[in-house]
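Quantities reported herein were computed from a predicted structural model and do not represent experimental measurements.
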Amino acid sequence: MYAHTVLPEQFAWCDWWTPARPGRSWFFHTPRQMVAPPSHTVEFETLDTGVAGLVGKLHGWNIPTWPSCEGHWFDPVRAREMYAQLQKDAWSVRNTGLPLKHVETGKHVNFYSPRWHLAWPTWHSFYTDVSRGNGLGLVAFCPPQGHPLWRWNPNVRHASVTHENIGPHPAVMVRVQANEPDSQRACWEAVTRSL
């Protein structure tokens, strides 16, 4: 089980787990042997607010998605808070185990490893690492061959749509990268309305 930063382009190569407790948490991940196929299931409480509407709409049309991210900016105060929580989680992993839930299947595991440690020795190294992906937002999905979504263009500022493969799977990739969180969220809302 890992906690290091993974940029959205590589989300499909991981299984994603979140601590089984209330509130927003850092996501842990395990590698997959092969890239994940898109899925029709997701624990919606784990989705970022900005992409939840789009993912929900796609799933309502029976179109599977890969793990998504609206794009984030980490200020130093938030980074300190998250790092402090991660330190508590690391203590739990080493001493009692940390209950985790898979974000797609809802499967529960207790992650226990007496020698496990964080990838970041200080909050500043954590902040520097997570800041590499500031503002990178991505939703990827796989409509059936010939579906109109293969020709969809939301025509929204700061948003782009490309067709790429995720491993062996053809995908529609929607990326949003605005200048700050409020405009990022507004872009995702406009993308969702354009469907």
Side-chain angles (χ1 to χ4, degrees), residues 2 4-18 24-32 34-74 78 82 101-106 130-195:
Y2 301 97
H4 65 267
T5 305
V6 176
L7 296 178
E9 303 284 341
Q10 296 297 314
F11 280 4
W13 292 95
C14 301
D15 277 307
W16 292 95
W17 306 83
T18 186
R24 302 293 278 178
S25 299
W26 187 255
F27 289 89
F28 292 76
H29 56 91
T30 51
R32 293 193 188 203
M34 296 180 61
V35 68
S39 172
H40 289 94
T41 60
V42 66
E43 295 287 322
F44 270 87
E45 69 270 11
T46 67
L47 275 177
D48 295 328
T49 305
V51 297
L54 178 59
V55 171
K57 195 177 264 193
L58 292 167
H59 287 194
W61 294 336
N62 203 31
I63 295 172
T65 60
W66 281 274
S68 306
C69 180
E70 76 178 25
H72 303 281
W73 286 261
F74 290 89
R78 183 172 181 214
M82 292 192 81
K101 182 169 76 168
H102 193 275
V103 301
E104 291 175 281
T105 66
V130 298
S131 295
R132 292 181 305 124
N134 275 354
L136 297 175
L138 175 75
V139 172
F141 57 94
C142 187
Q145 189 174 19
H147 193 282
L149 280 172
W150 286 107
R151 296 182 300 282
W152 172 60
N153 182 353
N155 201 20
V156 171
R157 189 172 182 211
H158 305 299
S160 65
V161 176
T162 59
H163 300 160
E164 302 171 34
N165 281 350
I166 297 180
H169 310 286
V172 176
M173 310 276 273
V174 183
R175 292 177 178 85
V176 170
Q177 188 166 16
N179 300 321
E180 45 82 33
D182 288 340
S183 57
Q184 185 92 353
R185 183 73 53 84
C187 287
W188 281 116
E189 290 169 358
V191 166
T192 303
R193 284 193 307 270
S194 77
L195 285 176

Problem - Beyond-backbone contact of Leu195 with Leu149, side-chain heavy atoms, under 4.5 angstrom - result: yes

Completion exercise
One should read off an interatomic distance between His29 NE2 and Thr5 OG1, to the nearest 0.5 angstrom, of 7.5 Å

Practice task
Name all residues meeting the side-chain contact (heavy atoms from CB on, under 4.5 Å) criterion together with Ser160; count only those two or more places apart in sequence or in a different chain, and write none if there are none.
Solution key: Arg175

Completion exercise
Rounded to the nearest 0.5 Å, the CH2 atom of Trp152 sits from the CZ atom of Phe141 at a distance of 5.0 Å

Fill in the blank from the handout: Residues passing the salt bridge (charged side-chain N to carboxylate O under 4.0 Å, His left out) test with Arg157, sequence neighbours excluded, are none

Handout entry: Ser194 versus Pro154, closest heavy-atom pair with distance
Key = OG-CB, 3.2 Å

Exercise for the section: Evaluate the side-chain proximity of Val156 to Trp188: yes if any heavy-atom separation is below 4.5 Å, no if none is. Expected result: no

Practice task
Identify which one of Val139, Asn155, Val172 satisfies the side-chain contact (heavy atoms from CB on, under 4.5 Å) criterion when paired with Val161.
Solution key: Val172

Problem - Heavy-atom side-chain contact between Val176 and Gln184 under 4.5 Å - result: yes

Completion exercise
Looking only at heavy atoms, the pair that brings Ser183 and Asn179 closest together is OG-N, 3.7 Å

Handout entry: Partner set under ring pair (Phe, Tyr, Trp, His ring centres under 6.0 Å) for Trp150, not counting sequence neighbours
Key = His163

Handout entry: Atom pair CG (Leu7) and CG (Leu138), whose distance is rounded to the nearest 0.5 Å
Key = 10.5 Å

Handout entry: Nearest-0.5 Å distance, OG1 of residue Thr65 to CG of residue Leu54
Key = 8.5 Å

Handout entry: Residues, nucleotides or ligands: over 12 heavy atoms within 6.0 Å of Glu180 CD
Key = yes

Problem - Close side-chain approach of Asp48 to Ser68, heavy-atom, < 4.5 Å - result: no

Completion exercise
Scanning both residues in full, the closest heavy-atom pair of Ala140 with Met173 reads CB-SD, 3.5 Å

Problem - His102: partners by ring pair (Phe, Tyr, Trp, His ring centres under 6.0 Å), with sequence neighbours left out - result: Trp17

Exercise for the section: Measure the CH2-CG distance between Trp73 and Leu136 for me, rounded to the nearest 0.5 Å. Expected result: 8.5 Å

Handout entry: Pairing residues for Glu189 by the salt bridge (charged side-chain N to carboxylate O under 4.0 Å, His left out) criterion, not counting sequence neighbours
Key = none

Practice task
Quick one: list whatever passes salt bridge (charged side-chain N to carboxylate O under 4.0 Å, His left out) with Arg132, sequence neighbours left out.
Solution key: Asp129

Exercise for the section: Could you check whether the rings of Trp66 and His169 sit parallel, tilted or perpendicular, using 30° and 60° as the cut-offs? Expected result: tilted

Handout entry: pair Tyr2-Pro31: side-chain heavy atoms closer than 4.5 Å
Key = yes

Fill in the blank from the handout: Looking only at heavy atoms, the pair that brings Glu104 and Ser39 closest together is OE2-CB, 3.1 Å

Exercise for the section: Quick one: closest heavy-atom pair of Cys69 and Phe11, and the distance? Expected result: CB-CE2, 3.5 Å

Exercise for the section: Classify the ring geometry between Phe74 and His72 as parallel (under 30°), tilted (30 to 60°) or perpendicular (over 60°). Expected result: tilted

Exercise for the section: Mark yes or no for whether Trp16, through its side chain, and Pro67, through its backbone, hold a donor-acceptor pair below 3.5 Å. Expected result: no

Fill in the blank from the handout: Between the NZ atom in Lys57 and the CD1 atom in Ile63, the distance rounded to the nearest 0.5 Å is 11.5 Å

